[in-house]
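Accompanying notes for the structure given below.
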There are 2 protein chains.
Amino acid sequence: VKKRCKVTIKPDGKTVWVLEGTTVYEAIEEAGIIIKSECGGAGVCGSCKVKVVDGRYEEHGSERFLSSKELEESNVLACRAEIKGNLTVEIPITSRLFEQKILTEGIEKEVRVSPWIQKYHVQTVKPTLEDQRFDLDRIMKSLQSQMRRKVQTNLKDSRNTPGTAQVSLEVLRLLPESLREEDFSATVVLAGDEIVGIESGNKTDSCYGVAFDIGTTTVVGYLINLRNGKQLGIASRTNPQTSIGDDVITRINYASTNPNGLEKLHEKIVSCLNEIIDELVKEAGIERTDIYEISAVGNTTMNHLFLKLNPKYLALNPYVGVLREGLSVEAKDIGIHINPCGKVYSMPNIAGFVGGDTVAVILASQIHKSREIKFAIDIGTNGELIMGNRERLIACSTAAGPAFEGARITYGMRASDGAVEKVVINRDDVEINTIGASKPIGICGTALIDSIAELLKAGIIDKNGRMRKADELPEHTPAFIRERLITHVNYGSSFVLVPDRVSRSGREILLTQKDVRETQLAKGAIAAGYTILKDTLGIDDKDIKEVLLAGAFGNYIRREQAKQIGLLPDIPTRRIKFIGNAAGSGSKMVLVSRAFRQEAMHISNNTQYIELAVSKDFHKIFAEAMFFPKDIRFE
Amino acid sequence: VKKRCKVTIKPDGKTVWVLEGTTVYEAIEEAGIIIKSECGGAGVCGSCKVKVVDGRYEEHGSERFLSSKELEESNVLACRAEIKGNLTVEIPITSRLFEQKILTEGIEKEVRVSPWIQKYHVQTVKPTLEDQRFDLDRIMKSLQSQMRRKVQTNLKDSRNTPGTAQVSLEVLRLLPESLREEDFSATVVLAGDEIVGIESGNKTDSCYGVAFDIGTTTVVGYLINLRNGKQLGIASRTNPQTSIGDDVITRINYASTNPNGLEKLHEKIVSCLNEIIDELVKEAGIERTDIYEISAVGNTTMNHLFLKLNPKYLALNPYVGVLREGLSVEAKDIGIHINPCGKVYSMPNIAGFVGGDTVAVILASQIHKSREIKFAIDIGTNGELIMGNRERLIACSTAAGPAFEGARITYGMRASDGAVEKVVINRDDVEINTIGASKPIGICGTALIDSIAELLKAGIIDKNGRMRKADELPEHTPAFIRERLITHVNYGSSFVLVPDRVSRSGREILLTQKDVRETQLAKGAIAAGYTILKDTLGIDDKDIKEVLLAGAFGNYIRREQAKQIGLLPDIPTRRIKFIGNAAGSGSKMVLVSRAFRQEAMHISNNTQYIELAVSKDFHKIFAEAMFFPKDIRFE
């Protein structure tokens, strides 16, 4: 009868009882401690060095990897040392497998790096007549010992895959030669617990992913090293679907009414992503095949067009989509050119007009875990609003339209070189600032807000949004202001923001009465949504502890001015915070950690969508929200 | 505050407490009782009729499906009835979902029909502005209520698929129109818990599968109705790989040494299966697309060639295969033409030369659950032997060769029309029987055994297998026997089984000395395997409670004669049983019930392979096993 031996493991202080003859490696495994091992205890990788502090053992084969000095000091390979009595071993830090953590930028919090796609190096022993295990079985043992959980070649209690190996046919077809090419040293690519790839030798160093934020207008990709979560590059493109239409409804209609319309829109966005991937890998000096996964976050329409799902019913009352859930599919099934075994993960949606980008904003800002009530706004082509806390979270989409992106504004333009981005009316002049300090071409969203706020303060626009005529202005209105108030032959009442001699084209840049009306519609839609969300929760301005501004536009808003025109609620400015491209941050989070995918699905399941159109008094609330809050005249 | 009501469910006698206002349907679900419902409690299918025996309730909408007489008698749709107080309901048998059981033929036992592929009819409600659920979410509710377990659109605790829907991209792409084509009535095809197919309307009636037994020489397919497990047809073909080589080693070498050799062998077997499927669906009057899954069972080489896995190392010492585990893959990835969402399941193997066919024999004969020790033989081109019980099970493969299939025998042939299948030596003549009562062409395996057994009894063949010369025969040997013993110019010592005047070709059909030697090698290999298995278990003939003969050949063996030549052990004939094409039975079992796939993997994990070549004294045991047991002379 074999005796039982007590094994104490330092510095953990854990104790296990094992039978005499058990290896130190097995005892450590039994204690639930993860020790490095690429060969699964077969004595061929040399990773599992430990020091025997005290006790009896026998070892055979450690000298292949340890120096005589190391051996003299009672260091052994844990898998080569058989326990012969009570024993105390110490695991050096260099033999331990730790989880890696990264601190990501901005709103992104410290996340555990645990991507869906993981690579493991396996060093297996050569088969003999006494060890005729199949190739797949050979690599499983090594994999299992390296992973916290059991790899499921045959998962006894899985109803989903009874008695079948979790491995792709492609891997099985490559397996025998991949294993033998570099002397039974190979790299296994796992997607979750499924073996999806096999490479000869140790290729664990190259494992990358790209996180995408697919906006209606702009697509951004972030290259991420999946081993440590670090960002290596960023690239963006205009969404090529804009050539079909600026807004989602136009694109849905195109997809529904044109032969191959959906295919065309799908191919446009897929080539855009492929181009971004190309640029990212070139700049980083890696290969396309080093990319193993991409994550895609966008609104529900972008999500459907990307996956080539029929978006038709998203545009027809009652606006029903196909897929709310997150989805993981083969990259090759979508046409994304990365590693042949690569995957695409798409974020879950919430409703037809509140998509994965909103889930990503919630995920990145962690509103769903907050004790205090927060309010987040993501103003893109539409404006999505989120309100609530960990008890209850609601969201809506407002038809804000693209006014803040410069569309439908007489001299509107995107926030790019030459755009007026800031307007200040001083005591003696109208000052402007342009992007790139260039000669002004037009005005972008922030300048639109600024100029209306300034004109409200100057008493030139009234509470109703009407531009006053010159004879209605307060008497003490300075001449430099009066001069700029004109009646344009085409646009009617207008304010000259940039005189002709200053602009790049040599013509005046105006803010017209129509621009003010467009802005009222846009900010009114957002303000009405805000009011309805508050009413739904039964709360007041004062209950909102934080307002979070997400998205490219949100980050440039001047908060005081936005409050002036009623785009933001009248909440102390210090409580209004910028959270950057939160949708992009959320996309990176789900790429880097599988746990966030569950969290994203949880958010999708538990965020209640508020359909503004069916809200009581919607039209009344909207009409009221179009007014400007204050009517200020010069005294 | 709502009050709690006690609900008693008859005839089960179960009791649950629910809040007032809960529907009877929800209460029944809570009690863990499965009631029919195609709409998931939405009131649009009319399947969940129950009778309220006693208590208060309110119902709205049952009249759409129930007659006024039914309503008067307190029948309601469970999903339309709200509980208003303590209640007793009775569920009629017609509203219950029961599992179907089938009694299959021969060795196959009664199995619960629970195939991997299942179809469900879902009747969902139309979306409105108040119910904007996504298309996928709409069908999930109905599915969940129909299934015993929760369908995993987002399986919280699954590490394998965190927060992602278990649905194929193809289904999502078809979903919106499939759902709307027949007014939100659709049929969902599930593979396990994954949604792999969607069809408009109720198509649950057509769901078929084909179970294959892929032999080295012969391929058999069985058409099975997956709804009730019933067999609808059977078809077979010669394995077209025989044109490359009769045995597995030749085929492996062909695959390893010829360009595209593996592809060619793979394509041959796949077209063979496709032809069989074609024949089966035509005869049954169904469509190819009505087939949703096939199961494939064969030896390890057949398994690898079918899956297009490199078999090279199976033929090289130490004979290592790629895949031992069972595998479930897309039919289209293998080239099998069935429903586009169809699957292929391949049986797990045990070792390089003990494959899925042996697993299937064990599964069908349930040796792995037997208390008593059994011994099973499956003689095909090789002979696989299984011995043991539920405590321990061991298996080996013997290089028996194809002698019993007629190969390498001078006048050998397969068991087809014109083959001598039986030989009896009477007091005054040699009697034969041929298949189809035709003029004899050659001899098949059973006649080979018979003739050698008879010649042993007649003293014409001695214990060593040598044919005696005429002058060595016992004196009283009858003339009709003496006359038949000749020395052929090409074959040497031979016995005339069929005189020239009787045979179809007009030439004599002989049993030659070489044929006896071939038979000795074949039966010696099997007998040696038997001895080594017994030695490994440390048991004796008397410990073996049953000998099971599997396979086409096994079922025609005359047990007394087989014992006479030492092919079968000297065990009372009543304990030697025929179990039919057990490999085919096993293939049907895994097709019809997913539970058997787990059992098959369990068998693969727990059956120990015995490599005869490394057994102690193998050569000595083999040499001894080639002798015939008794040396009988006429007295």
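Residue A/Ile603: no heavy atom, backbone or side chain, is found under 4.5 Å from chain B. Looking at A/Val322, the atoms closer than 4.5 Å to chain B (heavy atoms on both sides) sit in the backbone and in the side chain alike. Using a 4.5 Å cut-off between heavy atoms, A/Val590 makes no contact with chain B at all. Heavy atoms of B/Arg180 lying under 4.5 Å from chain A belong exclusively to its side chain. Interface residue A/Lys312: only side-chain heavy atoms are found under 4.5 Å from chain B.
We find the CG-OG distance between A/Asp137 and B/Ser604 to be 7.5 Å, quoted to the nearest 0.5 Å. Between the CD atom in B/Glu330 and the OG atom in A/Ser168 there is a gap of 11.5 Å [rounded to 0.5 Å]. B/Arg324 contributes atom CZ, which lies 10.0 Å from atom CE of A/Met140 (distance to the nearest 0.5 angstrom).
By number of non-hydrogen pairs under 4.5 angstrom with chain A, the leading residue of B/Ala600, B/Ala613, B/Gly321, B/Ser346 is B/Gly321. Most heavy-atom pairs under 4.5 Å with chain A, from the set B/Lys126, B/Glu130, B/Glu177: that is B/Glu177. Highest contact tally toward chain A, considering only B/Leu129, B/Val329, B/Thr128, B/Val614, is held by B/Leu129 [criterion: heavy-atom pairs under 4.5 Å]. Counting heavy-atom pairs closer than 4.5 Å to chain B, the top-ranked of the candidates A/Asn310, A/Asp333, A/Leu323, A/Asn349 is A/Leu323. Chain B forms more heavy-atom pairs under 4.5 Å with one residue of A/Leu309, A/Leu327, A/Ile334, A/Leu262 than with any other, namely A/Leu327. Annotation: maximal heavy-atom pairing with chain A below 4.5 Å, among B/Asn317, B/Leu179, B/Leu175, B/Val167, occurs at B/Asn317. With chain A as partner, the option from B/Pro348, B/Ala351, B/Gly352 having the largest number of non-hydrogen pairs under 4.5 angstrom is B/Ala351.
Here the closest heavy-atom approach between residue A/Lys308 and residue B/Arg173 is recorded as O-CG, 3.2 Å. Nearest heavy atom pair, residue B/Thr300 against residue A/Phe134, reads CG2-CE2, 3.9 Å.
A 4.5 Å side-chain heavy-atom check between A/Tyr345 and B/Thr164 finds at least one atom pair inside the cut-off. Counting heavy atoms from C-beta on, the side chains of B/Leu307 and A/Leu172 never come closer than 4.5 Å.
In this structure, the side chain of B/Gln132 engages the main chain of A/Pro318 through a donor-acceptor pair within 3.5 Å.
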